[in-house]
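See structure below.
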Amino acid sequence: MRALGRIHPWSAVRHVLLLAGALVMLIPFIWMLSTASKPQTEIFSSDLHLIPYHFALWDNLKIAFAKADLWRYLLNGLIVTILIFALQVLVALPAAYAFAKLRFLGRDVLFALVVFCILIPPQATAIPVFLLLHKLGVLDSYIALVLPFTISVFGIFLMRQFFKTVPDDLIDAARMDGISEFGIVWRVMLPTAIPAVTAFGIFSVVAHWNDYFWPLIVLNSEHLQTPPLAVAHFRNNEAGTNYGPLMAAAMVIIAPLVIAFLFAQRRFIEGITLTGIK
Amino acid sequence: MAEIGIRALHKAFDGADVLKGVDLTIEDGEFISLVGPSGCGKSTLLRIIAGLEPQSSGEIWIDGANADGVRPSARNLAMVFQSYALYPHLSVFDNIAVPLRMKRLSALERMPLIGRLMPSRRRAERTIREDVERVAGQLEISPLLKRKPGQLSGGQRQRVAVGRAIVRQPRAFLFDEPLSNLDAKLRVHMRAEIAQLHRQLKTTFIYVTHDQAEAMTMSGRIAVMIGGELIQVGAPAAVYDDPQDIRVAEFIGTPKINAFPARVRSDGRLEALGHVLHATTPSPAGECRVCVRPERIELGASGLLSGTVVHLENLGSEAFVHIGSAGMNAPVVARVNDPSQLPAIGAAISYGFAPEAIRAFDASGKRIATSVPSRIERPREMAIV
Amino acid sequence: MAEIGIRALHKAFDGADVLKGVDLTIEDGEFISLVGPSGCGKSTLLRIIAGLEPQSSGEIWIDGANADGVRPSARNLAMVFQSYALYPHLSVFDNIAVPLRMKRLSALERMPLIGRLMPSRRRAERTIREDVERVAGQLEISPLLKRKPGQLSGGQRQRVAVGRAIVRQPRAFLFDEPLSNLDAKLRVHMRAEIAQLHRQLKTTFIYVTHDQAEAMTMSGRIAVMIGGELIQVGAPAAVYDDPQDIRVAEFIGTPKINAFPARVRSDGRLEALGHVLHATTPSPAGECRVCVRPERIELGASGLLSGTVVHLENLGSEAFVHIGSAGMNAPVVARVNDPSQLPAIGAAISYGFAPEAIRAFDASGKRIATSVPSRIERPREMAIV
Amino acid sequence: MSDAVAALQEVAAAPRMRARILVKSGTAGRSGAAYALAAPALILMLMMLLGPLAGVIALSLTDYQLGAPSFSWIGLSNYQEMFADRVFWISLKNTLAYVAIVVPGAVALGLGVALLIQSGAGLRSLYRTVYFLPVMATLIAMAIVWEFMLHPQFGLVNGLLRAAGLQGHSWLQDRGTALYSLCVIGIWQATGFNMVLFLAGLVSIPKHLYDAAEIDGAESAWSRFGLVTWPMLAPVTLFVVAISAIRSFQVFDTVQVLTKGGPSKSSEVLIYTMYTEGFEFFRSGYGAAVTVVFLAFVLSLTLLKSVLGRREVHYA
Amino acid sequence: QTEVVVQYPYAELFEGTHKRIIEEFAKVRPDIKVTLRAPYDSYEDGTQKVLREAVTNQMPDVTFQGLNRIRVLVDKNIPAELDGYIAAEKDFDKQGFHQAMFDIGTASGKVYALPFAISLPVVYVNLDLAKQAGADPANLPKTWDGLIDLARKIKALGPDINGITYAWDITGNWLWQAPVFSRGGSMLNADENKVAFNGPEGQFAIRTLARLVTEAAMPNLDQPAMRATFAAGKTGIHITSTSDLNKTTQMIGGKFALKTHTFPDVVSPNGRLPAGGNVVLILAKDKAKRDAAWEVVKFWTGPKGAAIMAETTGYMPPNKVANEVYLKDFYVKNPNNYTAVSQLALLTKWYAFPGDNGLKITDVIKDHLNSIVTGARAKEPEAVLSDMTADVQKLLPKTVGSVR
Ligand SMILES: Nc1ncnc2c1ncn2[C@@H]1O[C@H](COP(=O)(O)OP(=O)(O)OP(=O)(O)O)[C@@H](O)[C@H]1O
Ligand SMILES: Nc1ncnc2c1ncn2[C@@H]1O[C@H](COP(=O)(O)OP(=O)(O)OP(=O)(O)O)[C@@H](O)[C@H]1O
Ligand SMILES: [Mg+2]
Ligand SMILES: [Mg+2]
């Protein structure tokens, strides 16, 4: 697929195709922005217009922020996703290292179990986990939001793939230098795995920032609610959905992820490339 | 500085024997090279010495103490790896400082933030800095201390890896093909540097390589390992001149030694390619091989063997003539020191060799003693009569 | 078979000039090597000849036709890559068959399932099979035809790559460091095989390498490229003996040529390390360098230069003595053909060289003509008086 | 839910599981360290995944109803009831249909986009970002946007159709189109994810293979694709298919927000059935039985695929 | 001070309401502190939460639940019964409480809940379209025949105009029960072990639904889409809950004139309409808490609380005193809100099916109704009804449902 310098027509075709596809990908976002900028009466009128006659984005944002404590939700989302990610790394990295680089009895069986766990959908085990959290007495708290996800089998899988590509020599060198196995994980593997950790981070943050199901089940307190619950608050069949503020709120909660991705994007692609999914 | 003893060492991976009873004593301060073809178990032996891999049976003694169960870092050996194994995220300075920090700082002092606040750490860091800078000066990499390994050339990385090894003042250095990732020119240069380093440090060096030229040029002794066994250990010149096994003879020396199919006649004379040689052996009659190094093959009308020139390799400083001969499946290679006088390809040519140049091996590959019958007086008479 | 002409070729990548005007005519049936240090633009030149990369300006002529705009496959050149570039998912047979299938089958016939049903395809496949098997026989890889590249050794892969090139009977072969991934022993062996192949096929070979030994031993001519320019083109022996540029002198030959700081005196005599040499030059007075190959350095009391032995490299068949001398920043290397008589490290030693051995270069690195004044009769008199 | 996402080439490891017996004491220390390093993960896995899973299996043998003070063991009758239930079979069929549409769709589009992006130099990172956007966006929020776009009266889609002179449609309210609408959204969401994986795969194809192909006479981009790109991407493709399949089998959010399995169960999928039975109808035991069957089904499919896939990727 | 924890659904609708009532309550009973938990997203969510919390003992003391959810909770012994408290109250009727209110919250013969916000189905008419179609705004049709006729005329006004929409998919088969009950029918027989909606009342109901599709060309929309379409002025007649009134009015924003009137063809004397909306239950187990919770329940459903509820939402209060005294002026100003109040006499329970499969039955019925609305089986309503009867019958408990 090398583009020879002289073939300009292909470059044009490529852009046309990609832009068309990009438009399809973006339409929902554009429509979201457009709707978020319209007053209620314009939203429900049957003539289609992208640019609102009356620009109501600020009003809708204001309503959104007034109706729900969005800042608080965003903060909760931040706390929860960061906690989850940090703990996942803390738990998954040593395990991934052990699975990738150390030989021990039962390694293959245990790893097969890890892979099997990837298949379990989170809804499936919701009830037993809920009861477990109850037994631990941590329902309706940050712990309840975080604890079930501290184990990321996908993370272990991904990081193991990456660690397998780290040369054994590097680990042996560390051992010769007197770094313990535990130290190797944090002083040697983690720094070399930064791109892969970034890739995993994006998966993890996206999944947990956007998780709707679990917070809904374990939370009661208003002050712990996470961003998707905020969106759900605006969606209301009984009362009739207020689309303007809903879309505004949706924008607000999607924005942090998009911004974060823009920053991490290069590392992310690199990380996936390096994890040896090839 | 250390004397390292290896006793009856066995190692099996998944049931496959990789080391089959290795015995070797490495003297304090010695530079010994382990050579052998790829996969013969050199790295495995080195890793067992380092403590990175457990042996299946046998013992490693370091300075008179059994090293069994002693952690790699506690053995106080330094290792330089083929891939250099530098920490890619650390600067050259930090790379070299790692072993010192690990030894001199407590776990608490090594903590990322808290550690930095401790005055004891600051003191230790000062001495570490001095040590690292001293070593960097010694290896002439002082200007590179701030760079990351990714920003260094191969030779520079090599030196940083050596620096990391030197800085801890280990009892012995283990090298695992440290030069094989460098290009030919640089390899020749670094060869001299490492030899120089050994002369300067006077510490035990164990050097693994599959490049016999490296082993020959640098070390005091070389140990040739083939198929998990040490076949011959000795000074480079001795191993080159006096190989005890045909595998050693063929492995050491480029181009490869010429092997002529031969047999021991019942009268003890050797016979190769139908010519009876001016050499006798006490060995029983039977098939054998007669080997002659390329530089001992003499071209010219006086030689009694003949063939045609199939290929010429002119290196400028010397040249190799490849001669196809009836009865041989590989061409005979002869070195010509003065490349200005080369035969043409396709030309018929005669060649021969002196009887002293003969190294003979029996059917199992073991060396057979040969002697030149005393009645032959002329010192450089051709072996083939 | 093809004559290939390169005219005023320029190539810039992102504004950086990589080729700076290359002119070269490669004769039909010739084996020419392109050598030069890493990054000098050898691969780029080869890729431009192959049509894989467009030039910035200049022309490529193949057999008298301008190749500009001609697709790589239409140029009918074959290329062998450093990494072999075998298709890992195809068997050896299929790898070799790819160029034939591409040429002889229509797009429809190549279709995975439909194609298989077409009788015309079956006919074509039969001739393809014959061709592939013939080439495999020639390269002695017939037993490997069913394997995947991953199951082959380096040397076998190398041969498959050559097979894929041969099978299409191209007008010329382009090799881009085809041996650099092999280990030293195998490299020497494959060297001879490729030279043999050239003699057999009598096709044009363009061979890129950064290993001067390869270039020297295989090719009819070598073209030394440095920094995007062809510095010298000629027969290997001529380039070795008669380098026109100090970079060529230093690049060709291992160990590197010894360069002594020197100057041209106002009377036309050369003076190195304070000694006036028995050589004159018509060049104007000024700084220059006098270079002598290691095999032309002669050790012994008659030499007027002196130093101490800092390092010895005994290769068994020959040895190199490294001599540290005042006024030199690199040791002088001398070859000794008989390694049994070596000085000890640290010993003081005298050395010298014949005036004919001198190759002198001016401050900009250009060769300066030197002549030995006729009044000196003794043929091997030391250059240094 | 991408936690649950993954690759299963490695599940194939299961049949190969050989317990290696360790030699000698030297590694004992290191294998001790290995257990210590893996322990937190394994304990948490047992606590949060395998233990609960065992709980679910136990639950599927009872008539437990959420909130009920007691329950009794009823053996396999939940399974009997399930296999006799029309809804279960519809749900299974819909799930399979969803997977059969979304997986090829999202994989093919992901590959296409990745190829297009990689085929030129311009605007790469812009395109990557745009196509990846749907993966990141909160699905529940985007589902609402889609609902609104598919609104029969005010939706953008029907609006555009009407503008083009075509008949609008009740996309999500019509039995015939509800599932397909969900598929479209599924593809929209998964394409970017697959694209990123394919990009990673494309980047790691050695460039010189394309050179070789060109020299060998593969002149058209299509023949180079057939000769190099596609076979070289085979392992990535397998991975992508596995991941897409797992994600598609687990489709839930869009169903829950947009159609609630309707109209008339036409978009009911297994996870949603499990959810409604367990959480809306409070028939926890029955819901657990659906879960168990779902897992058995997905597991056997993945095993099958990895066994098939293993034959493919045998080169180094 | 006793703390009473309260949880309610639909923050969007009721947040302001509950906060205002808390303020008022604090003035009357400073000894009881009411705290609100994060609201439930929906009735379904609310019931799920309570059931889960019943397992973990974390229930709020007072919960507001969908009217048809009482039975699920009672079946699992979760709410406290209120008969004792009611009996102990003196002149309860003076505060506006009446038997119909108790009936709504009765299960297995005992009162467990008191209704808080009630909605009833009413007809919304777009007067502009009706006038264009030639209807008399003052004398809108009161029968299905009349409505269908008008709908057909409205439909004829333009290609993108709908005649009528019927919010048949409101949760819990609400608008399936409405036409059956309005003809005096019932869902099951008195023993609750046999389907009863297959009688003439049910046949009328299903035929009417089919006629809306076949004769009045009702489009296949879901409930929010219907509301949006109506509010956009594209639908002539919309039949749905009164609870939609405030929202719809707001969405219309003056684009056209809206009029509501009563649900068609309610036969007397047995015709009834199912009450929608939510009820309040006491979940506290502790005696002191329960007592305090009762005070809360009483205040919320009493005249003051009910009046506040009516003013802040589209719902109406079941409390007589609230309607007749506190809200008199309000109804004069908002005649559309009064339509439901005028139907108050017809109030009956929103029926919940018995047994473990109760909620599943609702789902089965919905699917059958859907087959008519989508037009797939609109031509054979009787066949749909008999299939539906058979399916539901299968899911009914074999023994008579009672509190286990
Ligand atoms: N961890 C391991 N598990 C199984 N087999 C191994 C392992 N490490 C090495 N081997 C095998 O042991 C043999 C010796 O390997 P070793 O690395 O010591 O060879 P080497 O002499 O260093 O070769 P090279 O010159 O290629 O580095 C090889 O056949 C190799 O396949
Ligand atoms: N596609 C490219 N884009 C930009 N620069 C390039 C590209 N290809 C090569 N170069 C640059 O052109 C110069 C010459 O490269 P080339 O590959 O021809 O060197 P070479 O002589 O083959 O070196 P080597 O012996 O290491 O293969 C190098 O500096 C390289 O960085
Ligand atoms: Mg090795
Ligand atoms: Mg190159």
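By convention in this document, chain letters (A, B, ...) are assigned in the order of the sequence lines, proteins followed by strands, and residues within each chain are numbered from 1.
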* Let me know if B:Leu86 has heavy atoms under 4.5 Å from chain A in its side chain, its backbone, both or neither. =>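 For B:Leu86, the contact with chain A is made by the backbone alone.
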* Asked: Contact part of B:Ala78 toward chain A, heavy-atom cut-off under 4.5 Å: side chain, backbone, both or neither?
  ->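 Contact with chain A: backbone only.
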Taking donor and acceptor roles from the modelled atom types, list the N and O pairs under 3.5 Å across chain B and chain A.
| from | atom 1 | to | atom 2 | distance (Å) |
| --- | --- | --- | --- | --- |
| B:Arg47 | NH1 | A:Asp172 | OD2 | 2.1 |
| B:Glu53 | OE2 | A:Arg103 | NH2 | 2.8 |
| B:Ser83 | OG | A:Asp169 | OD2 | 2.9 |
| B:Tyr87 | OH | A:Asp177 | OD2 | 2.8 |
| B:His89 | NE2 | A:Arg187 | O | 3.0 |
| B:Arg110 | O | A:Arg187 | NH2 | 3.2 |
| B:Arg168 | NH1 | A:Met176 | O | 3.2 |
| B:Arg168 | NH2 | A:Met176 | O | 3.1 |

* Classify the ring geometry between B:Phe31 and B:Tyr207 as parallel (under 30°), tilted (30 to 60°) or perpendicular (over 60°). =>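 Ring orientation of B:Phe31 relative to B:Tyr207: tilted.
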* Neighbour count above 12 (heavy atom, 6.0 Å) for A:Phe182 CZ ->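 No, the 6.0 Å shell around CZ holds no more than 12 heavy atoms from other groups.
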* Asked: Who among A:Pro167, A:Gly183, A:Ala174 has the most heavy-atom pairs with chain B under 4.5 Å?
  ->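 Among the listed options, the one with the most contacts to chain B is A:Ala174.
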* Asked: Taking the side chain as C-beta and beyond, is there a heavy-atom pair between A:Phe157 and A:Val115 under 4.5 Å?
  ->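 They are in side-chain contact.
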* To do: Answer yes or no: is there a donor N or O on one side and an acceptor on the other, between the side chain of B:Asp17 and the main chain of B:Leu19, under 3.5 Å?
  =>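 No; judged by distance alone, with no hydrogens or angles, the pair does not exist.
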* Between B:Glu214 (side chain) and B:Asp211 (backbone), is there a donor-acceptor pair under 3.5 Å? ->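 Checking the backbone N and O of B:Asp211 against the side chain of B:Glu214, no donor-acceptor pair under 3.5 Å is found.
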* To do: Dump the intermediate steps for salt bridge (charged side-chain N to carboxylate O under 4.0 Å, His left out) on B:Arg134 and B:Glu130, then the final yes or no.
  => CA-CA 6 Å; B:Arg134 183 176 43 72; B:Glu130 280 163 17; over 6 Å; no
* **Closest contact, heavy atoms only, A:Leu224 versus A:Leu145** =>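 Nearest pair, atom of A:Leu224 first, then A:Leu145: O-CD1, 4.0 Å.
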